[in-house]
Novice: 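Quick one: structure below, then a few questions.
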Amino acid sequence: MRRGDEKFPDNGFEAWGGYMHAKIAKLEEQFSARAGTEDIITNIFNGVSIYVNGFTIPSADELKVLMTKHGGIYHTYQRSDDYIIASNLPDTKVKNMSLVKVVKPEWITDSIASNRLLDYRDYLLYKNSRTQRQLNFKKVLKNDNSSLSETKNFNCEAGSLFPNEIQNTLLGENNLGDITMHKNETESKPIPNDPLPSTSNTVLLEKSKENNISVDLNQHKPSTVAKTAADPNFISEFYNNSRLHHISQLGACFKQHVNDLRENSNFLFPAREDLKKSILAKYDYNNFSQLKFEKNKVIMHIDMDCFFVSVGLRNRPDLRGKPIAVTHSKGGQGRPKRPGVDRSTEFGLYKQKQMKKLGIATGKPEDEIVFETRVDNITDEDDKYGSMSEIASCSYEARAKGIKNGMFMGAALRLCPNLETIPYDFDGYKEVAYTLYNTIAQYTLDIEAVSCDEMYVDCTELLADMNVNVQSFASMLREEIKRKTGCPCSTGFGGNRLQARLATKKAKPDGQFFLTEDLVEDFIFEIKLSDLPGVGRQTAQKLESLGHVTCGSLQTLTLATLKCQLGIKTGAQLFDQCRGRDPTPLTFHTVRKSVSAEVNYGIRFENENQCIEFLKQLSAEVHSRMQQFKVIGKCITLKLMVRDEEAPVETAKFMGHGFCNVINKSTSLSTATNDVEIITREVISICKKQNIDPKEMRGIGIQVTKLELINSKPSKGSISKFLTNNKVVKKETEVKSELNTDSKMFEVAESIKKPVTNESYGSTSPKKSPVAKRRGRPPKSMKTQLSSTKNAMSKFLQGQNVTRDLPYKDPMIRDVPKEVPHNIEQPRPKGLIGLPWDKVRELLRAWLESGQSPLQCDVDMIVAYLQEMVVNKNTEKLFVLMNFLRRMTKEIGRNDWLKVYDHVTEQVQNAMIAVYGKRLFISD
DNA sequence: ATCCTCCCCTAC
DNA sequence: TAAGGTAGGGGAGGAT
């Protein structure tokens, strides 16, 4: 029995498909004419079928659209007669395949541009022999004067999946490794008020017609290298090479990417059908048992295996299976000790500090505390184990020897003398990450981005919709990711995010694990506390000193004890975690709360001027980021790292910060700003007050918090005002009398003290294209713009033909337990989606005035439409429609219609909470 | 009680 | 040589 049956009893009218269906059939005709014109433009690719392998520009999704529009065929899985479109292939693949039809994506784009099918042989990725690779690059090398903002900031524009990326190059055996590749400057936007105007002279290497061309690129390398922060190019140089900076930027970039995808999606996932077909073709379902997860939720955690290493190994198959580390250091060469270095003193200070901390935390005498540090294996000698270059990522073979991420190269070499190193490939990480995210996004957008190589995915709806079992889904998905990226990944499944995450750890490397309900209790018992997310070095050591190393052991402590030992929140979290519980829902939409920039490397000033000059530059950097994210802020914090008086002047790590004291000082402004002058002034003022010898500075950071969106009008009428939390809703309803006009109802409460946080900061959606404007739809990337429109429309049309057989009832509704309101559980029926909101209002009015009893299928359609508005952030019109519905149902005053209103409201608010974390303010 | 500032911790 | 960033959660303790 359908859940809705009780609420909306069938009165016999439903057999006709419902009132709404009949009505919209007419509207649909208007659209069908338009949709048709967008279908096929030319027949250039008549009879041509392609299969896209790996990362390409345009992306596979974009190529799919292009092929469809120009009469060609796109295959998700490779067929024998397909042209293989690729920009690069891992050597392993090259060895095992025929290359006669491996063609560069430019074949497609150039053919479209010249409106005829060009000879594919001119676009072969490999010609004649496998070793003769065609160089195909159009690339900009920058010289030493280039502006920093052009090179270090990632660009996450939704307009193209990978807009500023360099053309993929085939370096092959040519050793061009130490040349820095940069984005094409012609695509970089000038940043207004940028205090560092671009003075870069660029060298454009035009595409060569020759094979095996040899260009002496070394002559373009920077002639001088910025050594310390006193050098004007230092920030740029440093950020370009900083792994942590890249990790952080990429993380933020993909959180935004998910925001953008959700914002621009119609939440139809045609790729599900393809996947389902290949699963059915490949797997015998009898081999799989039906897995049951806690609370019937299926949360997937997905994580690339030793990400940086895997990406680096795509071009170095010869190194597979060996102990590998990604690091700046070449490794192996001993270096004479810098004068003044006193590692033992410096490391001693670190140890002392840690000991003191633990002594306070545990109440033990300091000499009883035993602990390890990562400097334990580093000596003061100028031998080959002295490198303090950090390992960003290491292969599983290296891990087997005890090497860990973050370890110093010297210590690692001591553990594994034959450890091989590979350089960073920051562009590669971004490519692979995009492919990863876009692959998942084909199937669902219930994604919480964690970092560039890791995310949580709520698969509950997806799996129910596809009606496939989770094992085969996991296998096919991982296969697809490996095929597209050339990198392995692991997935874990559980009933909540903690379980999924722990399952991934178990699955690694290159595996999958399903932590089903029946396994949780035993599984969690053995888990080490230090493996729990949120439990780092300090917490783990503290817990160990309390006598607990595993979750099972910690289960003996009461909630009160844990809270007392670790604080209220942390204690409660740990109490849950060690039992495998995790009440925190996935968050699909993130809102930025701070912007900061800091440099704790290479800070060596000779005088105050240099320090002030650096503060100006760093302020400019923060200002530039604030512009990028479109925020202003009220609170400015300066962070200073100052050499501890006992620490040696020369640090153990070259240009490192050494043993320091940290100072944080902040100012609160009366009004939010992103003015570079104000930031600079405040920051310099704070710095001067500290009275620190510039020679002793080792690190500087600037952070801006209490953010507001630029252009968010604090006055009434702003969209932000519709969004408010429950608390405020209550308060306001008490105060406000019933409002009758739509416009008046826009006045919504807002917490006065809290900054506006309803919209994602730093949305990088492109300007609306003329097409998008004409349709009145949100801006979309090329991919979503074309495919979604087509799909929405064509599915809409199809839907009409089968209306009577398939009323818009969703089986999911009855399957999903009601107590999980965090996510939008229902796949959206297609009926109304795509219609202008005012048309829908007319339909609503007609429906409400029809005198009929409401039908479930019509209600579902309305709900789907309104939820789509939430997702598209069309809150303004949503607000109008909701209030319209409220007023109309009240006027009718019949119980069944009032129930409809309650039901719709509940569904819309669920969507609001999922997307914004807040409820829509509705007058009652 | 609740806020603010200045930390500390964690994660990637 | 080496590139030790950045955002968010939370706690202690003082101001309101």
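To find a chain, count down the sequence lines: A is the first, B the second, and so on, and within it residues start at 1.
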Novice: Is it true that A/K508 and A/D303 make a salt bridge, defined as a side-chain N closer than 4.0 Å to a carboxylate O?
Specialist: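 So A/K508 pairs with A/D303 through a salt bridge.
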
Novice: Nearest-Å distance, NZ (A/K653) to P (C/dG5)?
Specialist: 10 Å

Novice: Output one line per pair: protein atom, nucleotide atom from nucleotides 10-12 of chain C, and distance, for all N/O pairs under 3.5 Å.
Specialist:
unit_1, atom_1, unit_2, atom_2, d
C/dG11, OP1, A/I568, N, 3.2
C/dG11, OP1, A/K569, N, 2.7
C/dG11, OP1, A/T570, N, 3.2

Novice: Please list, chain by chain and in numerical order, all residues satisfying side chain to side chain contact (heavy atoms under 4.5 Å, CB included) with A/H548, sequence neighbours excluded.
Specialist: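 Side chain to side chain contact (heavy atoms under 4.5 Å, CB included) list for A/H548, sorted by chain: A/L529, A/L546, A/S553, A/L554, A/T556, A/L557.
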
Novice: Rounding to an integer number of Å, can you tell me how far A/F654 CZ sits from C/dT1 P?
Specialist: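 Rounding to the nearest Å, CZ of A/F654 and P of C/dT1 are 9 Å apart.
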
Novice: Is the charged tip of A/R592 near the ring of A/F629: under 6.0 Å from the six-membered ring centre and within 45° of its axis?
Specialist: yes

Novice: What string of B, S and - do you get for nucleotides 6-12 of chain B, 5' to 3', if B is base contact, S is sugar-phosphate-only contact and - is no contact with any protein heavy atom under 4.0 Å?
Specialist: SS-SSSB

Novice: OP1 or OP2 of C/dG4 versus the side-chain N and O atoms of A/S242: is any pair under 4.0 Å?
Specialist: yes

Novice: Assess whether atom CG of A/L559 is packed by more than 12 heavy atoms of other residues, nucleotides or ligands within 6.0 Å.
Specialist: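 Count over threshold, so yes.
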
Novice: Can you tell me the distance, in whole Å, between the CD atom of A/E598 and the C1' atom of C/dG5?
Specialist: 6 Å

Novice: Cation over ring, A/R343 on A/F659, under 6.0 Å and within 45°?
Specialist: no

Novice: Is any side-chain N of the basic residue among A/E390 and A/K653 closer than 4.0 Å to the acidic one's carboxylate O?
Specialist: yes

Novice: Mapping A/K255 and A/F659 to their closest nucleotides on DNA chain C, which lands nearer the 5' end?
Specialist: A/F659

Novice: I want to check one thing: is the phosphate of C/dT6, taken as OP1 and OP2, less than 4.0 Å away from some side-chain N or O of A/Y239?
Specialist: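 For C/dT6, OP1/OP2 do have a side-chain N/O of A/Y239 under 4.0 Å.
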
Novice: So, is A/K593 close to the C/dT6 phosphate, meaning a side-chain N or O under 4.0 Å from OP1 or OP2?
Specialist: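 No, outside the criterion.
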
Novice: If you measure from the ring centre of A/H657 to the centre of the six-membered ring in the base of C/dG4, is it under 5.5 Å, with the planes under 30° apart?
Specialist: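 Here A/H657 meets both the 5.5 Å and the 30° conditions.
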
Novice: I need the single residue from A/Q499, A/R501, A/E454 that forms a side-chain hydrogen bond (donor to acceptor under 3.5 Å, both in side chains) with A/H301. Which is it?
Specialist: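 Of the listed options, the one satisfying the test is A/E454.
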
Novice: Rounded to whole angstroms, how far apart are CD on A/E390 and C1' on C/dT1?
Specialist: 14 Å

Novice: Whole Å only: how far is the CD atom of A/Q249 from the P atom of C/dT6?
Specialist: 6 Å

Novice: A/F308 has an atom CZ; how far is it from atom P of C/dA3, in whole Å?
Specialist: 13 Å

Novice: Round to a whole Å and report the spacing from CG of A/N241 to C1' of C/dG5.
Specialist: 14 Å

Novice: Need one value for A/K227: base, sugar-phosphate or nothing, where a base atom within 4.0 Å counts as base even if backbone is also close, heavy atoms only.
Specialist: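 It contacts base atoms.
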
Novice: So, is A/S329 near the phosphate of C/dT1, with a side-chain N or O under 4.0 Å from OP1 or OP2?
Specialist: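 The answer is no; no side-chain N or O of A/S329 sits under 4.0 Å from OP1 or OP2.
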
Novice: Output yes when at least one side-chain N/O atom of A/N240 is less than 4.0 Å from OP1 or OP2 of C/dA3, else no.
Specialist: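 Checking A/N240 against C/dA3: no side-chain N or O falls below 4.0 Å of OP1 or OP2.
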
Novice: Considering just the side-chain nitrogens and oxygens of A/H245, establish if one lies under 4.0 Å of OP1 or OP2 belonging to C/dT6.
Specialist: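 Yes, such a contact exists.
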
Novice: When you check the phosphate oxygens OP1 and OP2 of C/dG4, does a side-chain N or O of A/R243 lie under 4.0 Å from one of them?
Specialist: yes

Novice: Using a strict 4.0 Å threshold on nitrogen-to-oxygen distance, state whether A/E237 and A/K227 make a salt bridge.
Specialist: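 Looking at A/E237 and A/K227, the cut-off is not met.
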
Novice: Could you tell me how far apart A/F234 (CZ) and C/dA2 (P) are, to the nearest whole angstrom?
Specialist: 14 Å

Novice: Taking 4.0 angstrom as the limit, do A/K255 and A/E448 come out as a salt bridge?
Specialist: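 Between A/E448 and A/K255 there is no salt bridge, as every charged N stays at least 4.0 Å from the carboxylate O atoms.
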
Novice: Are A/K528 and A/E544 close enough for a salt bridge, meaning some N to O gap below 4.0 Å?
Specialist: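 No, no charged N to carboxylate O under 4.0 Å.
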
Novice: Would one find a side-chain N or O of A/R625 under 4.0 angstrom from OP1 or OP2 of C/dT6?
Specialist: yes

